[in-house]
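All chains are named by letter (A, B, ...) in the order of the sequence lines, taking the proteins before the strands, and each is independently numbered beginning at 1.
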Amino acid sequence: MEYAIEMKGITKTFPGVVANDNVDLQVAPQEVHALLGENGAGKSTLMSILFGAYNADSGTIKINGQEVNIKDPNVATELGIGMVHQHFKLVHNYTVTENIVLGLEPTNKFGLLNIGVAEKRVAELSQQYGLQVDPKALIENITVGAQQRVEILKTLYRNANMIIFDEPTAVLTPQEIDELMEIIRRLKAEGKTVVLITHKLKEIKAVADRCTVLRRGKYIGTVDVDSVTEQELAEMMVGRAVQFEIEKAPPNIGETILSVRNLSVADHTGQMKVKDFSIDVHKGEIVGIAGVDGNGQSELLYGLCGLLPVAEGRIFLDREDITNTSIRHRIEAGLGHIPEDRQRHGLISNFTISENCVLKNYYKAPYSNRYGLLDQSKMLENSDSLIEQFDIRAGQGSLTPAGSLSGGNQQKTIVAREINLSPHLLLVAQPTRGLDVGAIEYIRKRLLEERDKGRAILLISFELDEIMNLCDRIATISKGQIVGIFNQGEVTEREIGMMMAGSKHDGETG
Amino acid sequence: MKTLKKKESFASRLLSSDGAVSILVVIMGFLVGTVLVALVGRNPLNMYKAILQSLTGYNIDNGKMNVRYIGETLNYTVPFVLCGLSMAFAARAGLFNIGGEGQYIVGLTVAQVIALLGPQVKGLHWILAILGAILIGALWGGVVGLLKAKFEVSEVVSTIMLNYVALYLSRIVCLQLPGATTYKTANYPETALLNNALFQKLTNNSMLNNGFFLMVISLIVYWFIMEKTNLGFGLRATGFNKEAARCSGIPVVKSISISMAIAGAFAGLAGGIVALGSFRYGRVLAGMDNYGFNGIAVALVGNNTAIGTMLAGFLFGMLKNAQALMQGKQIPKEITFIIQGLIVVFIALRSAIALYLDWLNKRQLQKEVISK
């Protein structure tokens, strides 16, 4: 049988890492082929080689049976390969059509731009493949889902027969994900070959025909999706049995720890991102804030931890008004924070694990004496014990620079530091973003343990699965306002998705 | 595969070691300097003879030894090191202190004022003058820190402007001092001088003075604050990642103000030492001494560490002392400035060198993998 894409024995090394080690990939024509693997498994490298962004050290690539040398993305485009990147490559103040034709602008015989022709073609394409966009709309005015459709149209406009999707659902709401799955089916029906890079098993089960699994740069196998369960796929990906649903005891809810009243917070540009926001978090429960990225979650968190000033409203922690207090005061009052951006807010990458572990209490006993001198041995003792307790994998132990850790171990370091401070309230944002399955499992388990110890936890996540799995109560946020608050089990994922998109829940007043 | 790994770690080790890069860069600076001397038709050997003499006091040409040169080199080293520490201290907290020159000038000015007008008590007079220099330097730098921390005024702009304010303010003040002409004041009383009889005896009457001790103490203080105190911990955290430091509750505003003040104190001390140690009279400055600006280069070469700044300051002091000797050997003294400049340029090129080594390394790997 002749494959649409056949990559054989692909090896690619970067200084110090073998990203792909003798990897094979065979994609049949007109199939949806999933490429599954954890972060760092080599999926993106393999696809970058196919798309000509990298050159392989060894191995061969055949397209429709012909051996080819894809030395840059232009060659890939000529061969009919298109790629929809995870981070869209769009010009925000250009129209949809202008973005699509960028680099291939149609001109009339005088060499002047003829955008009308292009608009017609774009309209045709979007009709044919069911990709609804307004060809004349500006990118900055359309939704993320529509922007992704523009990226797909871009590849179709360049006559792509093989379309690679790189983690396409990371930025979408559940409804948009459903729509995308529909689009992928449509593309297949119209004769296109699709490669879907993902680590989400649900999507693979929903749309893919076959699935190739990579682990740590090595080819593990290719399976028919219908013949395996999600559990089996996960085991292939991780290399061991994985526990999906977390065992969770019913919450033992105590007194109110955090009380937010009519909070409004503006971002750096002065735009009010959180409006009239009120919520309570009690001892022993995890309250989740579900919403699409950019609806005020970050600003809410910054307002609570003191990184942004509060415009209006009050924040009470253990009945103390902390609305206008310093960040250090809030930390001392019992506020822990696992920040959304661990590189920017969570860690100092040039500092060692040992130093990072005392970032919030280095100035106090036992790490400093009353003359302000640091006690290195106490710092090391502390981090040695945390490394042990939290299973942080670090080459040089406590003295490893935080920057050289993997994402999962960086996150574990932050989680270790925050839990070690025994906060009354733990603000947690996107705790498992970009982590591999093992680390995700571990961090979720730890958060539940903290809940059961009687901490109050406020969790922000863009992964609805995570919210549904972990939280005892769920608040949905849209445009900086609460749309509804529910107990776990009262709503379905689908209803929450609707609310994330901004529509009020039935029967919910205010 | 094993040899492959070894090569990789060697290249990356070379790159990751700031010290190794600095040494490499200094050697490159000298090499290019040597070529330049040869290009203008002079014998580069004479340049190295001059440098050797400023380093050891030994004159190869006539076989004579004069330890005074060593003393002078060390004396020149003092302000370079202190101004280097000034730059380095701010840099560790993430700030760019171009104001070393201004802080140096105000320190020098106040030291001169106290030397000429202060109480002439033996053992106390010069200490008062030096303390005054340190304090005014700290104030001059601290103001910048406060502006930066409170109102987000760029320290680069404010320090550059304050350099000129310092220079002209110094002229206004010094012209009012006893016995002031357009370029100098009356001689200091003996009690204000920093000279050290033992040093003078040891080094054949060089200008080396008590300022040398102050430099050594400063180096220790710098290292101690940075590495051993929780103040230094907060400053370093702020310097590496201001956002993370803030998020962790480290008082960033305070850190910035304090670090600029301490940076200013080092430069002010340098001014005080030069005023009282290298001259017997106050100077009415017509231009800048440039120690403050050279401190930027010293800190860059020294990678903002105490030991690195000491070595780099010594290198600059040695070159400065070698200037006169070079001229005596038909080598234009400007070559020392060129070498200093080249060193800074090469330091700036560091990332380019890193990229090149990275590329070489990658090609090597690819070859080996393919041949396998």
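- Both the backbone and the side chain of A:E355 come within contact range of chain B, judged by heavy atoms closer than 4.5 Å.
- Listed by first then second residue, pairs satisfying ring-ring contact (aromatic ring centres under 6.0 Å, His included) with a partner in residues 349-377 of chain A read A:F351-B:F233, A:F351-B:F240, A:Y362-B:F233, not counting sequence neighbours.
- Between the side chains of A:Q410 and A:Q343, at least one donor N or O sits under 3.5 Å from an acceptor N or O.
- Contacts with chain A were tallied for B:G234, B:A245, B:C247; B:C247 has the most, counting heavy-atom pairs under 4.5 Å.
- Across all their heavy atoms, B:E155 and B:T159 have their closest contact at O-OG1, 2.5 Å.
- Not less than 6.0 angstrom separates the ring centroid of A:H268 from the ring centroid of A:Y302.
- When each of A:N350, A:I348, A:I331 is checked for heavy-atom pairs under 4.5 Å with chain B, A:N350 comes out on top.
- Considering only residues two or more places apart in sequence or on other chains, B:K242 meets the salt bridge (charged side-chain N to carboxylate O under 4.0 Å, His left out) condition with none of them.
- Heavy-atom distances place both the backbone and the side chain of A:H345 under 4.5 Å from chain B.
- Counting heavy-atom pairs closer than 4.5 Å to chain B, the top-ranked of the candidates A:L307, A:V358, A:D375, A:N356 is A:L307.
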